[in-house]
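Remarks on the structure that follows.
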Amino acid sequence: MNFYGVRAIYGFEMARTWRTLFQSVVAPVVTTSLYFVVFGAAIGSQIDEIDGVSYGAFIVPGLIMLMVLTQSTTNAAFGIYFPKFTGTIYEVLSAPVSFYEVVMGYVGAAATKAVMLGLIILATASLFVPLQIAHPLWMLAFLILTATTFSLIGFIIGIWADNFEKLQFVPLLVITPLAFLGGTFYSIDMLPPVWQTVTLFNPVLYLVSGFRWSFYGIGDVSVAVSVLMILLFLALALAVVAWIFRTGYRLRS
Amino acid sequence: MTRDTIAVFRRRPPEPTPAAGSVTTERVVAAPAVSVQSLSKTYESGFQALRRVSLEIRRGEIFALLGPNGAGKTTLIGIICGLVMPSEGSVAVNGYDILRDWRITRSLIGLVPQELATDTFETVSATVSFSRGLFGKPPNEAHIEQVLRDLSLWDKRNDKIQTLSGGMKRRLLIAKALAHEPDVLFLDEPTAGVDVELRRDMWALIRALRDRGVTIILTTHYIEEAEDMADRVGVIQRGQIVLVEETAELMRQLGRKALKLHLKTPLDEIPTALAHHQLELSADGMELTYTFTPEASDRSGVAHLLQDLSAAGIAFRDLHTEQSSLEDIFVDLVREQS
């Protein structure tokens with residue numbers, strides 16, 4: 001195990017976070033605050049409570065998930081894509097670090113950043129709406145697992161992408177719509193039965209549902225199903241990473 | 001085994017037992033710095049970049065790899081450094097296999113790539129420290145400072161990489177490659193885009209590294225540099241090594257010399273008394289060119305020619321000699337091969 005190597009990559013990526021503090025932290029916080037103002041205060045005041053939770057508070061876990069999903073994917077994708085783009089990847093490929101150590105460095109940093117972001121948004125939200133967290137440890141566990149899984153997915157996207165368009169494609173056109181339709185802003189009970197069934201095929205539903213359960217003890221699906229699904233996504237992402245490692249896909253010719 | 005010896009063992013794995021056949025009459029020599037055996041590489045496109053290349057680089061030498069564009073130089077370096085997967089054959093660095101013992105071989109190697117691939121927003125010292133960590137070495141501020149000073153980058157240590165000139169970026173890449181104290185240093189076109197003065201400094205540094213025991217393998221388009229710098233030269237052409245020779249020996253064997261005599265009065269033709277010398281007469285009859293190889297000079301010799309000239313009553317105003325450069329030799333070799 002090349003400890004210094006993992007630390008170097010992790011440190012390099014975290015330094016990038018601090019350097020781009022505005023774009024990586026401030027911008028998502030501002031965006032989320034806007035959601036609270038619009039959906040929570042303005043529109044939310046016209047909407048009834050959902051399972052005894054005010055609408056403004058109801059959307060908090062969904063909004064955090066929305067940001068964590070898009071930010072962890074985008075960040076991890078960019079983190080590995082950029083060295084490929086500039087050519088500096090040669091150094092990582094010629095270094096005595098295994099692919100798993102490379103993943104630990106890049107994905108660890110992207111996940112750290114996403115978790116920090118989630119917690120900052122949570123703190124921001126508490127300024128707008130009264131919050132309760134029924135299961136804080138589960139809340140953290142969901143946050144960390146989701147951040148890790150989607151950072152892995154982002155890493156895979158960054159390896160796969162060979163231009164900036166592809167790099168943007170999945171976060172913007174797959175993850176964001178899935179997050180919006182996965183119960184971020186509503187409970188699936190509010191949907192017609194057909195759409196409820198369709199929504200069950202949206203993986204993000206399980207993440208949002210589980211995360212919301214850790215706050216209010218309520219969810220669209222049972223928490224056990226949520227946990228199983230997120231572990232399944234993690235396993236799938238790890239399998240793809242293992243395949244990339246075995247074949248050297250897009251890294252070593 | 002005590003704790004200390006375990007630590008030492010981990011830091012420096014023991015020399016592998018040399019294979020039979022690498023035993024000299026004097027003593028068992030250490031494994032070569034790099035040993036390439038029947039190495040082939042065919043890319044997915046079907047392009048065969050290397051064809052059964054075998055090559056040994058000795059420890060502590062400066063080895064220049066020459067060849068036209070697309071000959072396979074960068075592929076060969078890429079395989080040894082872990083950037084490209086070999087199709088067939090094997091490579092050992094200090095006796096360790098690059099695939100089986102990849103962690104050891106990669107920590108032994110430093111690579112300066114041809115492309116100026118650098119980060120943009122990081123500072124000079126941060127990126128050099130990053131390289132050291134990446135290669136598994138604990139932080140060592142003193143070493144980083146030394147490397148930056150050696151490459152005249154110390155004053156720039158807190159500057160962002162994007163503010164550096166091309167020549168500074170080239171030196172930065174060398175600094176990064178030296179950050180983890182490698183035993184074997186690969187330099188792919190190190191002086192491309194570097195001005196004359198800096199180039200001279202760079203060569204001085206490379207010589208100093210060699211004196212410290214670092215093995216240096218470089219590719220260059222400046223053949224005079226290879227001639228000046230390299231202990232040995234290898235020529236690669238269409239994925240095959242066509243020649244490996246001591247630079248001095250190569251110059252001696254293939255380096256032709258020409259003696260040019262500027263005559264006092266023009267000649268119509270070469271006198272029969274001089275016909276047995278390799279002479280050529282210029283169109284205006286004013287210049288005689290005598291071509292010889294340094295080896296032959298002992299026997300047939302310039303001396304005989306001069307005696308014969310004097311006997312024939314041919315007087316000259318001036319004379320000078322020219323020696324063919326490694327570049328001429330290289331061009332001849334490549335032409336022969338194609």
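In the text below, chain A, chain B and the rest are named by the order of the sequence lines, each starting its count at 1. The model shown is predicted, which means the values in this text are computed figures rather than measured ones.
When heavy atoms are compared at a cutoff of 4.5 Å, B:Phe135 approaches chain A by way of both its backbone and its side chain. For a residue to count as touching a neighbouring chain, one of its non-hydrogen atoms must lie under 4.5 Å from one of that chain's; by this rule B:Thr75 does not touch chain A. For B:Thr118, the part lying under 4.5 angstrom from a heavy atom of chain A is the backbone only. Neither the backbone nor the side chain of A:Val6 comes within contact range of chain B; no heavy atom of the residue lies under 4.5 Å from a heavy atom of that chain. If you measure heavy-atom distances from B:Lys137 to chain A, the contacts under 4.5 Å come from the backbone alone.
Of the listed residues (B:Leu83, B:Val84, B:Ile80), the one with the most heavy-atom contacts under 4.5 Å to chain A is B:Leu83. The greatest number of non-hydrogen atom pairs below 4.5 Å with chain A, out of B:Gly136, B:Ala177, B:Pro139, B:Ser107, is found for B:Gly136.
Between B:Arg157 and B:Glu145 there is no salt bridge, since no side-chain N of the basic residue sits under 4.0 Å from a carboxylate O of the acidic one.
Within a 6.0 Å radius of CH2 in A:Trp138, other residues, nucleotides and ligands contribute 12 heavy atoms or fewer. Around atom CG of A:Leu137, no more than 12 heavy atoms belonging to other residues, nucleotides or ligands sit under 6.0 Å away.
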Checking A:Phe85 against A:Phe164 for the ring-ring contact (aromatic ring centres under 6.0 Å, His included) test, could you report, in this order, the C-alpha distance in whole Å, the side-chain angles of both residues, the deciding distance, and whether it holds? CA-CA 9 Å; A:Phe85 177 72; A:Phe164 277 99; 5.0 Å; yes
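When atom types are taken as modelled, the side chain of B:Glu122 and the backbone of B:Thr127 share no donor-acceptor pair closer than 3.5 angstrom.
Taking the six-membered ring where the residue is Trp, the centroids of A:Tyr35 and A:Phe185 are separated by under 6.0 Å.
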